[in-house]
Protein chains: 2
Amino acid sequence: MGTTQLDSVQEPKYWHLKTVLSEALDSEFSVGEILPNERDLAARFGVARATLRQALEQLELEGRLQRRRGVGTTVAPPRVGVAVGGEQHAWPGGPGDAWQATDCVQQVPPAAVAAALETGADEPVHTVRRARTSGGQRVATELLYIPADSVPGLTAIDAPSGPARARTVLRELHRLEPEGQDRAVELGSARADDARELDRLPGSPVLVVTTRFTAEGRTAALSVATYRADTCRLTFGDTAGVEIHHDPERRAS
Amino acid sequence: MGTTQLDSVQEPKYWHLKTVLSEALDSEFSVGEILPNERDLAARFGVARATLRQALEQLELEGRLQRRRGVGTTVAPPRVGVAVGGEQHAWPGGPGDAWQATDCVQQVPPAAVAAALETGADEPVHTVRRARTSGGQRVATELLYIPADSVPGLTAIDAPSGPARARTVLRELHRLEPEGQDRAVELGSARADDARELDRLPGSPVLVVTTRFTAEGRTAALSVATYRADTCRLTFGDTAGVEIHHDPERRAS
DNA sequence: CAGTGGTCTAGACCACCCC
DNA sequence: GGGTGGTCTAGACCACTGG
């Protein structure tokens, strides 16, 4: 008798817990199903609630679970592939664009943005807010910065803000000949306003996609898009993207 | 007298703490500097250590801090931009490739990989392990799966495993005419083996880049690369990538 | 060895959702 | 109101690093 398995290398409890839960999710639960509440789960596994939560947090980070305050913890569907880099050399707001403009104001951008746009630190730029939906769910928000130089034909007479203004600004931007774009992706945490729009808590992990559009040898526009990291897989390139469902402890070997 | 600031909307302590610390990092610390230890910091701010840690975790996630057990918490340098999508239609291991092969074995891949490769579930494939270094630091590890069909000229006589074998497999792969590649990026958590190679703890956040290489109408190779999310900014596109340093509560507005 | 961050506990209260 | 997840506390011990 006795334990058949030596605890030769001690593994953190939450790590082991995560593995056990992950396997249970694969075999005993289906998408959308509600898990037992955290207090019950912790009791069942004989750990403190904080320890259980550490395991749940990781599973949520990996897109396997979805937790909602006041509701419960549910099994998440596989991540949605959202195309990010498909059409090279196309303006935002062009045909086939998945974004919807919700607002536009003229304001002084953050210093880092002003530097990238090569505008003065106190110079206001057109700032378009847009949102992206996939499968009926909001998956990303964006701030699109367009210096006044890029839209010279814009008249101050038009609506000064709001969606109509956004459309006008984008229409003017399209008069330029697009030259190219660079993109960068990094991990971030949701600001309070983005979190609200994405139906997440502030600080939730997000993928920040920064795109610089160039025309006439200058930076014509700069986009900072914030994608929910738990539900999105960003796809680039020729087709719809690779369909590997990500399963951390079994990716390899 | 009295409080000049109403606590009209209650903000979590760790969130406020994060803001305060973030500002202190900007103004009072320089890159590489060591912060006071967690117990002292918690005492200084009048919170429990767990609360303080919640704030530090977020700052580490955002790439502002680096924490090492037994050493301390230091101010992190800005994220490194690592080029991911530069040259379209090029094989891994070609000229200018930033990766270094460390090993190669022939083994049965995970089920999800076999599905993407369109090989049988029990069919072994060449599996090349590679590593990527930037600025003297290991930033990513990769598993590159190459089905036997893609390298028909390979002889079993050569070294059966190790770096030499990896070079042979890649050389044979280069005989094919590359047709295209898709890529996907998503958030993941480091497996134990990747964590060791990246000098991080298991479960640390990573950016998983999955690339499918196609040739002759088939999937010729599949790469699953794991980048440290705390230190890397993945860049795509024409040039070196956008240089916006990411500052969550000041990205916009 | 002393000091650091990492893990874990057993509680408490709060914000939110739905009935 | 009752149940959920989110925040917070005040401890304890462990694993790792460095002198």
Side-chain angles (χ1 to χ4, degrees), chain A residues 7-19 21 32-61 64-76 189-190 192 195-196 199-205 230, chain B residues 7-19 21 32-61 64-76 189-190 192 195-196 199-205 230:
Chain A
D7 231 7
S8 52
V9 173
Q10 71 271 53
E11 202 175 34
K13 276 190 189 177
Y14 77 90
W15 186 263
H16 180 246
L17 206 48
K18 181 187 128 179
T19 308
L21 284 168
E33 202 169 340
I34 303 183
L35 267 61
N37 73 53
E38 297 183 349
R39 291 162 180 86
D40 285 354
L41 275 180
R44 180 174 317 185
F45 287 106
V47 299
R49 190 176 154 221
T51 305
L52 172 75
R53 277 180 61 80
Q54 213 171 341
L56 294 183
E57 252 150 50
Q58 287 233 349
L59 289 170
E60 189 179 30
L61 191 89
R64 314 252 326 181
L65 290 180
Q66 191 144 356
R67 297 192 288 173
R68 312 193 77 189
R69 170 155 46 177
V71 179
T73 302
T74 56
V75 180
S189 51
R196 205 178 325 109
D199 190 27
R200 301 259 62 201
L201 290 174
S204 314
D230 56 343
Chain B
D7 230 8
S8 51
V9 174
Q10 72 271 54
E11 203 176 34
K13 277 191 188 176
Y14 77 90
W15 186 263
H16 180 245
L17 205 48
K18 182 187 126 179
T19 309
L21 284 168
E33 202 168 341
I34 303 183
L35 267 61
N37 72 53
E38 297 183 347
R39 291 162 179 85
D40 286 353
L41 274 179
R44 180 176 317 185
F45 287 107
V47 299
R49 190 176 155 220
T51 305
L52 185 266
R53 278 179 61 79
Q54 213 171 339
L56 294 183
E57 252 149 51
Q58 287 233 350
L59 289 170
E60 189 179 31
L61 190 89
R64 314 262 338 239
L65 290 181
Q66 192 143 355
R67 298 191 289 171
R68 312 192 67 176
R69 170 156 46 178
V71 180
T73 301
T74 56
V75 181
S189 51
R196 204 177 326 108
D199 190 26
R200 301 260 62 202
L201 290 175
S204 313
D230 56 343

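Each chain gets a letter, A, B and so on, in the order the sequences are listed, and its residues count up from 1.
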* Asked: Taking NE2 from A/His16 and P from C/dT7, how many angstroms apart are they, rounded to a whole number?
  -> 16 Å

* Quickly work out the B/Leu65 CG to C/dG6 C1' distance and round it to whole Å. => 16 Å

* Report the nucleotide, chosen from D/dT9, C/dC8, C/dG6, that has the shortest atom-to-atom distance to any side-chain atom of B/Val47. => D/dT9

* In whole angstrom, give the distance that lies between atom CD of A/Glu38 and atom P of D/dG5. => 5 Å

* **Phosphate contact (D/dT4 OP1 or OP2) by A/Asn37 side-chain N/O below 4.0 Å** => yes

* **Options C/dC8, D/dA10, C/dT9, nucleotide nearest the side-chain atoms of B/Ala48** => D/dA10

* **Between D/dG5 (P) and A/Leu35 (CG): distance, integer Å** => 9 Å

* Compare side-chain N and O positions of A/Arg53 against OP1 and OP2 of D/dG5 and report whether any pair is under 4.0 Å apart. => no

* **Between C1' of C/dC8 and CZ of A/Phe45, the distance in whole Å** => 17 Å

* Is the shortest distance from a Lys or Arg side-chain nitrogen in B/Glu60 or B/Arg200 to a carboxylate oxygen in the other one below 4.0 Å? -> yes

* To do: Let me see the working for B/Thr51 and B/Phe45 under side chain to side chain contact (heavy atoms under 4.5 Å, CB included), right down to the final yes or no.
  => CA-CA 10 Å; B/Thr51 305; B/Phe45 287 107; over 6 Å; no

* Report yes if at least one side-chain N or O of B/Thr51 is closer than 4.0 Å to OP1 or OP2 of D/dT9; otherwise report no. => yes

* To do: Decide yes or no on side chain to side chain contact (heavy atoms under 4.5 Å, CB included) for A/Arg68 and A/Thr74, but give the supporting numbers first.
  => CA-CA 8 Å; A/Arg68 312 193 77 189; A/Thr74 56; 5.8 Å; no

* Structure fact -> Separation of D/dG3 atom P from A/Ile34 atom CD1, nearest Å, is 15 Å

* To do: May I ask you to verify if any side-chain N or O of A/Tyr14 is less than 4.0 angstrom from the OP1 or OP2 atom of C/dT7?
  => yes

* To do: Check whether any side-chain nitrogen or oxygen of B/Arg68 sits under 4.0 Å from OP1 or OP2 of C/dT4, and answer yes or no.
  => no

* Structure fact -> When rounded to whole Å, the CH2 to C1' distance for the pair B/Trp15 and C/dC14 reads 18 Å

* Among B/Leu35, B/Ile34, B/Asn37, the one residue meeting side chain to side chain contact (heavy atoms under 4.5 Å, CB included) with B/Thr73 -> B/Leu35

* Nearest nucleotide by nearest heavy atom, which residue falls closer to the 5' end of DNA chain C, A/Gly70 or A/Arg49? -> A/Arg49

* **Value rounded to 0.5 Å, distance of CD in A/Glu57 from CG in A/Leu52** => 10.0 Å

* Kindly compute the distance separating CZ (A/Arg53) from OH (A/Tyr14), expressed to the nearest 0.5 Å. => 15.0 Å

* Asked: Nearest of D/dT4, C/dT7, D/dT17 to any side-chain atom of A/Arg69?
  -> D/dT4

* Asked: Is B/Leu56 touching bases, backbone alone, or none of the nucleic acid, heavy atoms closer than 4.0 Å?
  -> nothing

* Asked: Atom CD of A/Glu11 to atom C1' of C/dC8: distance rounded to whole Å?
  -> 15 Å

* Structure fact -> Judged by nearest nucleotide, the residue sitting upstream toward the 5' end of DNA chain D, B/Leu52 or B/Arg39, is B/Leu52

* Proximity to the side chain of B/Val71 - top-ranked nucleotide from D/dT17, C/dG5, C/dT9 -> D/dT17

* Looking at A/Thr73, does any N or O in its side chain come under 4.0 Å of the phosphate oxygens OP1/OP2 on D/dT4? -> no

